[in-house]
Amino acid sequence: MIEIKNLYKTFSSGDDRVDALRDISLTIADGDVYGIIGMSGAGKSTLVRCINMLERPTSGAVIVDGKDMGTLSTSQLRDARREITMIFQQFNLLMQRTCLQNVCFPMELSGVKKAAARKRAMELMELVGLPDKAGAYPAQLSGGQQQRVAIARALATDPKVLLCDEATSALDPNTTHQILSLIRDINAKMGITVVVITHQMSVVKEICKHVAILDHGTVAEEGLVSAVFAAPKSEAARRLVFPDRVDEQVSNPHSEGQLRVIFRDAKTTSIPLVARMARELGIMANVISATTQPIDGETYGSMLLGVPHDQMESALAFLGSIPNMTVEEVTDLV
Amino acid sequence: MYDNLFSPASVEQALTCLRNEIPFAIWETFYVTVLSTALAVVLGLPLGVLLVVGEKGGVLPLPGWLMKILNILINLLRSIPFLILMIMVFPLSRLLIGTTVGTTATIVPLVVAAFPFIARLVESSLREVDPNIIEAAQSMGATPMQIICKVMIPESVPSLMSNVTIALTTILGYSAMSGIIGGGGLGKIAINYGYYRYKYLVMLVAVILLIILVQIFQSVGTRLAVKSDKRLKH
């Protein structure tokens with residue numbers, strides 16, 4: 001289990017002070033796939049680097065498996081880091097070593113015998129699907145293949161936690177999907193806790209069970225991915241879940257108000273909402289945007305409606321009476 | 001001064017010299033250059049490593065005053081003209097070799113002149129190593145020594161090789177100067193015949209041979225550097 005308690009990180013150079021992280025508290029359960037998502041500069045990378053102390057927190061604690069990482073001695077920290085490995089956006093393989101030697105590298109550091117290390121490395125190359133690339137150099141591989149080698153290297157010391165720092169951000173959508181499947185398999189087979197740092201909502205939707213949304217160094221929202229996606233409460237979450245700020249251009253806020261409708265499961269999605277509103281209540285709603293997306297095996301839909309100001313109340317009452325649906329007036333678009 | 005460069009007498013003399021003195025001079029130049037470079041690398045490599053890992057935010061931060069002293073010392077040695085340095089290190093040569101003249105004695109000033117230069121070259125090679133790769137090694141629990149020996153140096157081998165080649169050709173040039181203090185080699189022949197005895201053809205031959213040596217060192221060095229670089233797809 002990873003517990004992050006009241007974590008602060010301030011970077012200061014001269015008189016300049018930047019509060020990268022402010023009062024972050026999170027709990028990540030064993031075996032979870034936990035997403036930390038946010039825009040660039042939200043503090044995600046700093047946060048993940050605080051977990052293995054590549055970045056020293058200004059205050060607060062990071063406790064991994066009962067060990068307070070901040071209080072470990074240098075050599076204890078090195079041992080702890082073998083259990084919390086990391087993969088990176090740019091893969092960070094040693095370019096002058098073959099793939100097999102790269103996978104052997106962490107074992108070399110911890111003094112594993114050469115023959116045993118090579119054997120284990122070969123198994124891992126097979127696990128990530130690249131047994132034939134053992135003798136190749138990273139420069140001869142595609143980005144996706146390099147990330148697979150990096151994953152094999154990260155698994156070499158039998159870690160309990162795998163930190164993925166924008167691990168798919170440099171890859172195309174198809175390769176991203178393959179790498180995420182590999183990470184999910186590893187999580188399922190080996191029970192390794194995975195922490196995924198990303199700015200891509202699609203990555204969180206694809207593999208995470210829980211998610212924390214980071215905004216300007218604070219946790220804006222946290223919980224089950226399905227819950228956060230179904231009804232994002234915070235402004236930052238809404239920005240990520242509905243990146244549809246183009247709404248502003250297609251709707252006239254002076255003549256109509258806006259309603260955000262979020263509904264779950266197939267039954268709700270089959271009700272002809274807009275048509276019923278028009279027929280039964282005479283409300284001529286304007287559909288500004290609508291999407292449906294699968295999250296965690298369930299179907300979620302969201303719709304942004306433009307409703308004349310004087311009919312807003314009756315529309316809210318009507319939509320609010322339908323089960324499995326949440327509705328709210330949107331005021332922050334203007 | 002180049003009149004009568006190819007008069008029968010001077011051609012005759014050049015040929016004699018080519019037969020009798022030049023082969024040994026080539027060997028002397030070669031041995032002084034390579035040995036001096038090797039010794040300068042032995043001193044310069046660790047120093048260059050210190051310059052990179054010892055700075056603030058480096059892998060193995062050292063006290064700021066120590067880094068300042070190292071930097072000043074290197075700049076100081078680098079700013080003394082080699083001709084003067086040769087004379088200034090006489091006491092050191094006497095201490096280490098027992099004499100201040102002769103071919104072996106010239107190795108001392110050559111090493112003294114070359115190791116700060118090599119330290120700077122090593123410094124620039126090591127700075128080329130992607131800091132993200134170093135961070136990755138730290139995230140795996142590598143010790144500072146492991147990062148130096150298993151990441152920084154191996155990752156910069158191609159760059160180190162081409163920089164050592166630059167040092168080698170520079171030291172070759174310096175070694176030719178050491179004819180002044182009685183160092184042997186092509187430089188001595190060029191000075192003795194050309195400057196002291198006005199035998200310009202012999203001087204020209206010695207210079208051409210120096211040029212050829214530089215070409216050989218440079219092309220072998222470049223080839224080795226390229227060949228060792230696994231970032232290039234062969």
Side-chain angles (χ1 to χ4, degrees), chain A residues 13 45 48-49 51-55 72 74-99 101-111 135-142 149-150 153-157 159 161-166 170, chain B residues 45 49 52-62 64 122 124-164 221-234:
Chain A
S13 64
S45 281
V48 78
R49 276 167 176 69
I51 296 180
N52 61 2
M53 295 288 140
L54 280 178
E55 207 71 80
L72 299 181
T74 318
S75 72
Q76 283 172 323
L77 181 61
R78 279 198 286 266
D79 288 338
R81 280 178 179 168
R82 289 183 184 135
E83 312 223 302
I84 310 167
T85 55
M86 199 167 178
I87 57 173
F88 305 86
Q89 179 170 8
Q90 293 304 332
F91 327 127
N92 298 350
L93 296 173
L94 295 158
M95 300 307 278
Q96 307 293 348
R97 283 177 171 236
T98 64
C99 296
Q101 288 168 335
N102 262 288
V103 181
C104 286
F105 180 67
M107 294 185 270
E108 226 174 283
L109 297 179
S110 56
Y137 288 94
Q140 297 167 309
L141 269 52
S142 69
V149 176
R153 181 174 70 174
L155 297 176
T157 46
V161 180
L162 178 65
L163 307 174
C164 308
D165 183 18
E166 297 276 9
Chain B
L45 182 68
V49 169
V52 178
V53 300
E55 67 182 5
K56 203 169 151 240
V59 174
L60 188 68
L62 294 173
V122 169
S124 84
S125 285
L126 295 184
R127 284 193 199 287
E128 287 168 32
V129 176
D130 185 352
N132 290 320
I133 293 185
I134 295 171
E135 190 191 41
Q138 283 172 326
S139 82
M140 292 175 220
T143 64
M145 210 55 199
Q146 283 173 325
I147 291 175
I148 293 167
C149 298
K150 289 177 182 288
V151 180
M152 295 176 77
I153 294 177
E155 283 294 299
S156 54
V157 159
S159 165
L160 284 172
M161 278 200 192
S162 46
N163 274 336
V164 168
T222 306
R223 194 158 309 163
L224 283 178
V226 170
K227 208 156 182 193
S228 71
D229 195 349
K230 309 302 183 198
R231 282 171 299 183
L232 309 166
K233 298 174 189 181
H234 298 298

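Atoms considered below: every heavy atom in the structure, side chains included; atoms not considered: hydrogens, waters and symmetry mates. Lettering follows sequence order; numbering is per chain, from 1. Model, not experiment: these values are computed from the prediction.
- Applying the side-chain contact (heavy atoms from CB on, under 4.5 Å) test between B:Glu155 and each of B:Val129, B:Ile134, B:Asp130, B:Leu126 identifies B:Val129 as the sole match.
- Residue A:Phe91: no heavy atom, backbone or side chain, is found under 4.5 Å from chain B.
- For B:Thr143, the parts lying near chain A are the backbone and the side chain together; criterion is any non-hydrogen pair under 4.5 Å.
- Surrounding CZ of B:Arg223 are at most 12 heavy atoms belonging to other residues, nucleotides or ligands under 6.0 Å away.
- Of the listed residues A:Asn92, A:Leu163, A:Leu93, the one with more heavy-atom pairs under 4.5 angstrom with chain B than any other is A:Asn92.
- With rounding to the nearest 0.5 Å, the separation of CG in A:Asn102 from CD in A:Gln96 is 10.5 Å.
- With a threshold of 4.5 angstrom between heavy atoms, A:Ile87 does not approach chain B through any atom at all.
- Of the listed residues (B:Met145, B:Met152, B:Gln146), just one forms a side-chain contact (heavy atoms from CB on, under 4.5 Å) with B:Cys149, and that residue is B:Met145.
- Side-chain polar atoms of B:Ser156 and B:Ser125 form no donor-acceptor pair below 3.5 angstrom.
- Of the residues considered (A:Glu83, A:Arg153, A:Arg97), A:Arg153 shows the highest number of contacts with chain B, using heavy-atom pairs under 4.5 Å.
- Using a 4.5 Å cut-off between heavy atoms, A:Leu94 touches chain B through backbone and side chain atoms alike.
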